[in-house]
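Working notes, structure below.
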Protein chains: 2
Amino acid sequence: MNSENVYDQSIAILKKNKVRITPQRQIILKYLINHHNHPSVETIYEALANDFSNLSMATVYNTLRLLEDLNIIIQLPNKDGGVRFDFFGEPHFHAICENCGKITDIKYPKYSQLDQELRDITSQQDPGFKPTKSKIEVYGLCKDCQAKLNHK
Amino acid sequence: MNSENVYDQSIAILKKNKVRITPQRQIILKYLINHHNHPSVETIYEALANDFSNLSMATVYNTLRLLEDLNIIIQLPNKDGGVRFDFFGEPHFHAICENCGKITDIKYPKYSQLDQELRDITSQQDPGFKPTKSKIEVYGLCKDCQAKLNHK
DNA sequence: ATACATGCAAACTATTTGCAAAAGA
DNA sequence: TCTTTTGCAAATAGTTTGCATGTAT
């Protein structure tokens, strides 16, 4: 699926949920679709504020929460405070370096299958719980940090 | 494994890493082993400050970070700011309600197997990355919140 | 003995909030 | 039109830090 389709599909989700398509929401959504750098709120704000004056942090926060609630993006923990975001088009999980905080996308062909299994088990053990999504993270040390830490 | 063994085993990990066994660390660790309420920093502080005067928030923060770094406890996201913690004796994952933030432990017999698979895939796709742990969360709506939201 | 840990309070920073003005539908 | 959204600035809350004191080993 190309990024145009992905964008249109996301906009459709917004419309279905009766939220207004504002320019701010459009550029933030586009930014997230086109950048796979797992940006923080501030990274997004700084990248867009130049071309789009009068963009406020509050709006970035609002939009990100909205997109996350609609399962268009997911939130990732950030090593030193704050959070980061990732457009969640193709299901994948994340490898996170415990030393530098670097986040890498890990594609997993069997993700949907695993997701279904996790939901089933959850519903079994917590009757009545209605799962909407699952999130997986693998923590460890990235290549660079291993090298750095060995030199000490 | 009973809670005495779990405690001794955790203390052994602390000793192996040459951190001092202070009374503060002991009572915080014991609290986490004996309470499966996924406490916040403040919950832990308030529960212990009564019997242990002069306990400071800073020490609770320090200790929790230490225990997390040593993979004795894991950190969980909290709905409205802050984080929560869980002693990670038997591997399990968590069901988190998106509406009220309630966290439930979900036991998964095949967890170690899945954990191994996730690590392998991560190492394959991010050569050089050295995994230390994985974390899985299933988000959704708990039974109570579904009922509440339907009444609206 | 001495390096490490603690307690306190102040500092910091990410995030939220209230409200008037702006603008989608 | 009229409800939702935005921008701004102030407020809030979670977490960290600096340093003198205390303590585990």
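All chains are named by letter (A, B, ...) in the order of the sequence lines, taking the proteins before the strands, and each is independently numbered beginning at 1.
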| said: Within residues 46-77 of chain A, which residues have any heavy atom lying less than 4.0 Å from an atom of DNA chain C? | reply: A:Ala58, A:Tyr61, A:Arg65

| said: I need the NZ-P distance between B:Lys79 and C:dT15, as an integer number of Å. | reply: 15 Å

| task | Using atom types as modelled and distance alone, determine if a side-chain donor or acceptor of B:Lys135 lies under 3.5 Å from a backbone N or O of B:Gln75. | result | yes

| Is it true that a side-chain atom of B:Gln125 and a backbone atom of A:Ile106 form a donor plus acceptor pair closer than 3.5 Å? | no

| Which letter, B, S or -, goes with each nucleotide of nucleotides 20-25 of chain D from 5' to 3', with contact meaning a protein heavy atom under 4.0 Å? | ----BS

| field | Sub-4.5 Å side-chain heavy-atom contact between A:Asn78 and A:Ile103 | value | no

| query | A:Gln26 CD to D:dT6 C1': how many Å, rounded? | reply | 15 Å

| said: If you define the side chain from C-beta out and look only at heavy atoms, does anything of A:Ile121 sit under 4.5 Å from B:Val138? | reply: no

| field | Pairs touching residues 95-110 of chain A that satisfy side-chain hydrogen bond (donor to acceptor under 3.5 Å, both in side chains), sequence neighbours left out | value | A:His38-A:Asp105, A:His92-A:Asp105, A:His94-A:Asp105, A:Glu98-B:Thr132, A:Thr104-B:Asp126, A:Tyr108-B:Glu117, A:Lys110-B:Glu117

| task | Grab the OH-P distance between B:Tyr45 and D:dG14 for me, whole Å please. | result | 14 Å

| Nearest-0.5 Å distance that lies between atom CG in A:Asn71 and atom CD in A:Glu68 | 8.0 Å

| message | Looking only at the side chains, is there a donor atom on one of B:Gln116 and B:Asp120 sitting less than 3.5 Å from an acceptor on the other? | response | yes

| task | For A:Asn17 and C:dG24, give me the distance from atom CG to atom P, rounded to whole Å. | result | 20 Å

| task | Verify salt bridge (charged side-chain N to carboxylate O under 4.0 Å, His left out) between B:Asp115 and B:Arg119, making sure each step is shown before the conclusion. | result | CA-CA 6 Å; B:Asp115 177 67; B:Arg119 287 168 189 239; 2.8 Å; yes

| query | Whole Å only: how far is the CG atom of A:Asn78 from the C1' atom of C:dT13? | reply | 13 Å

